[in-house]
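This report concerns only the one structure given below.
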Protein chains: 2
Amino acid sequence: MFLAIDFQSDIPIYIQLKQQIIAGIARGELKEGEELPSVRQLAQDIGINLHTVNKAYSLLKDDGFILMDRRKGAVINSLENMAEDDFKFRLREEINPLIAQAFCKGMTEEELQLEIGEIYRSYSQGAER
Amino acid sequence: MFLAIDFQSDIPIYIQLKQQIIAGIARGELKEGEELPSVRQLAQDIGINLHTVNKAYSLLKDDGFILMDRRKGAVINSLENMAEDDFKFRLREEINPLIAQAFCKGMTEEELQLEIGEIYRSYSQGAER
DNA sequence: CATCTGTTATATAAAATCTATAACAACTAT
DNA sequence: ATAGTTGTTATAGATTTTATATAACAGATG
C-alpha cells in the first residue's frame, strides 16, 4: 500500500488518509472499480482505530471519490462521476491563502504557474480521463 | 479593518487571522512599517481573547511577515525580508493535495492555471515589490 | 507615575481527534 | 445453517487542540 501516515504531523490522520487516497486516484494508481481495503483491514495495517479509517472513507464518499458497497466495501468511483461543476468555488477558498503567501514570499506568477504545472502533470500523466 | 472572522468556520480563529493579514499584505493594503493593532485592541474589536490574537501574531512573526516591537507592537515587515528561498518546499506540500483534488474533479491544467493566475494577480496588482 | 506595549504563567472550558468495545444488518462462502 | 466477511451505529473514554479568563511582569512612552 502506498499510504504513509505521519503520526507526528499536525494534520489529523483521517485527513492524511483522505488526501493520500485522492492523490492515489489522481496518480492513476487507484482506478475505477478498484476496491480499497476494508475499514478494519486498513486500520489494522496502519495501526489505528477502525473509526478513524471510517471517517476518512465517509468524507471520500461524501465528496464522490468512492462508493460504499455493503459487499465489496469501498470502491473507487469513475472520474466522470467525480467531476463537479461547483468545485472551483471550494478550490478558490482553499488555495487563496496559499497564493497570498506565495506572493509575499517572493514567488512570481511564472514561478508559481511552473510549480503548479509540474505538480498537476505529476498526476495527469498516470491517470487518463 | 478588513478582518472578517467566521466563528462557525472549522478553521481556527488564529489561523483565519493569520491568513487574512497575509492576504492584506499581498493585496498591498498593509505596507512595510505599518503597525497592526495591539493584541489587546484587536482582541477587543473582534470580541475574542488576547491570547488568540497573540498566537496569530506569533506565527506571523515566526514566518517573517511581521516584526514585534515592545514599543510599537506588531509592524509589517518589508517584502524583501519576507522572501524565503526554501518556501517552495512548504508550498508544494500544502498545495499538492488541492491539485490532486482539482484533477479528480475534472479541472484541466489550463483551467487551473487560469484560476491561479486570476487569484495571483488579484494580489500583485495592489502591492508592488 | 500612569499607561501603553508584548510576554509569560496558570487555570479552565469547550471542541476536535482518536481510541476501545460492542452490537447490528446484509452479504459471501464453506 | 453457520462462520466470516462487509459497512454502520452507538456509547464511552482519553488525549490534544483551541479558546477563554485573570493576573502579573518588564520595557517603553507621555
Side-chain angles (χ1 to χ4, degrees), chain A residues 1 3-21 30 32-77 81 94 97, chain B residues 1 3-22 30 33-77 81 94 97:
Chain A
M1 202 50 173
L3 294 171
I5 300 303
D6 177 6
F7 292 97
Q8 312 311 320
S9 169
D10 54 342
I11 301 173
I13 299 174
Y14 72 97
I15 299 284
Q16 291 186 51
L17 272 176
K18 182 191 169 195
Q19 287 179 345
Q20 292 190 26
I21 288 170
L30 296 173
E32 172 177 0
E34 196 160 333
E35 300 173 15
L36 291 177
S38 74
V39 290
R40 288 177 178 80
Q41 185 61 55
L42 185 52
Q44 196 178 2
D45 285 356
I46 305 180
I48 60 176
N49 192 273
L50 151 172
H51 291 101
T52 306
V53 177
N54 193 264
K55 193 164 183 177
Y57 280 11
S58 292
L59 291 179
L60 288 166
K61 184 188 64 178
D62 292 344
D63 284 356
F65 291 102
I66 63 176
L67 302 170
M68 300 306 280
D69 191 315
R70 258 264 149 63
R71 310 164 276 185
K72 295 190 288 183
V75 181
I76 306 295
N77 201 350
N81 289 344
E94 293 194 60
Chain B
M1 201 53 174
L3 295 171
I5 301 302
D6 178 5
F7 293 96
Q8 312 311 319
S9 170
D10 54 342
I11 302 173
I13 298 174
Y14 73 97
I15 299 283
Q16 292 187 50
L17 272 177
K18 182 192 170 197
Q19 289 179 343
Q20 293 192 25
I21 289 171
I22 294 177
L30 295 172
E34 197 160 332
E35 300 173 15
L36 291 177
S38 75
V39 289
R40 289 177 176 82
Q41 184 61 54
L42 185 52
Q44 195 178 5
D45 286 356
I46 305 180
I48 59 176
N49 191 274
L50 152 172
H51 291 101
T52 307
V53 177
N54 191 263
K55 193 164 183 180
Y57 280 12
S58 293
L59 292 178
L60 287 167
K61 183 188 65 179
D62 292 345
D63 283 357
F65 292 103
I66 63 177
L67 302 169
M68 299 308 277
D69 190 316
R70 258 265 151 63
R71 310 165 276 185
K72 294 190 288 183
V75 180
I76 305 295
N77 201 350
N81 288 343
E94 294 195 60

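All figures in this text were calculated on a predicted structure; none of them were measured in a lab. First the proteins, then the strands, lettered A, B, ... as listed; each starts at 1.
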Worksheet, complete the sentence: Of A:Ile11, A:Thr52, A:Leu3, the one forming a side chain to side chain contact (heavy atoms under 4.5 Å, CB included) with A:Gln16 is A:Ile11

Can you give me the N/O atom pairs linking the protein to nucleotides 2-6 of chain D at distances under 3.5 Å, or say none if there are none?
from	atom 1	to	atom 2	distance (Å)
D:dT6	OP1	A:Ser38	OG	3.0

Worksheet item: Hey, what bend do you get for the helix from C:dC1-D:dG30 to C:dT30-D:dA1 if you fit axes on five pairs at each end, rounded to 10°?
Response: 10°

Worksheet, complete the sentence: In short, salt bridge (charged side-chain N to carboxylate O under 4.0 Å, His left out) pairs touching residues 4-13 of chain B with sequence neighbours left out are none

Item to complete: Starting at atom NE2 of A:His51, determine the distance to atom P of D:dG7, rounded to an integer number of angstrom.
Response: 12 Å

Item to complete: With a 4.0 angstrom cut-off to heavy atoms of chain B, pull out the first and last contacting nucleotide of DNA chain C, in 5'-to-3' order.
Response: C:dT5 to C:dA9

Discussion item. So, applying side chain to side chain contact (heavy atoms under 4.5 Å, CB included) with B:Asn77, which one of B:Leu67, B:Leu60, B:Asp63 is it?
Written reply: B:Leu67

Worksheet item: More than 12 foreign heavy atoms under 6.0 Å from CD of A:Glu34: is that the case here?
Response: yes

Worksheet item: Which atom names give the shortest non-hydrogen contact between A:Ile21 and A:Leu30, and what distance separates them?
Response: O-CD1, 3.8 Å

Provide a list of protein-nucleic acid N or O atom pairs under 3.5 angstrom, restricted to nucleotides 13-18 of chain D.
from	atom 1	to	atom 2	distance (Å)
D:dT18	OP1	B:Tyr14	OH	3.1
D:dT18	OP2	B:Tyr14	OH	2.8

Practice prompt. Mind listing the closest non-hydrogen atom pair of B:Tyr57 and B:Ile66 along with its distance?
Written response: O-CD1, 3.5 Å

Worksheet item: Taking atom C1' of D:dA19 as reference, at what distance in whole Å does atom CG of B:Leu17 sit?
Response: 12 Å

Item to complete: Mind calculating the distance between CD (B:Glu35) and P (D:dT29) to the nearest angstrom?
Response: 12 Å

Item to complete: Only counting residues at least two apart or in another chain, list the ones meeting side chain to side chain donor-acceptor pair (under 3.5 Å) with A:Gln41.
Response: A:Asp45

Worksheet entry | Rounded distance in Å - CG (A:Leu50) to P (D:dA10) | 15 Å

Worksheet entry | Heavy-atom closest pair, residues B:Val53 and B:Leu17 | CA-CD1, 4.1 Å

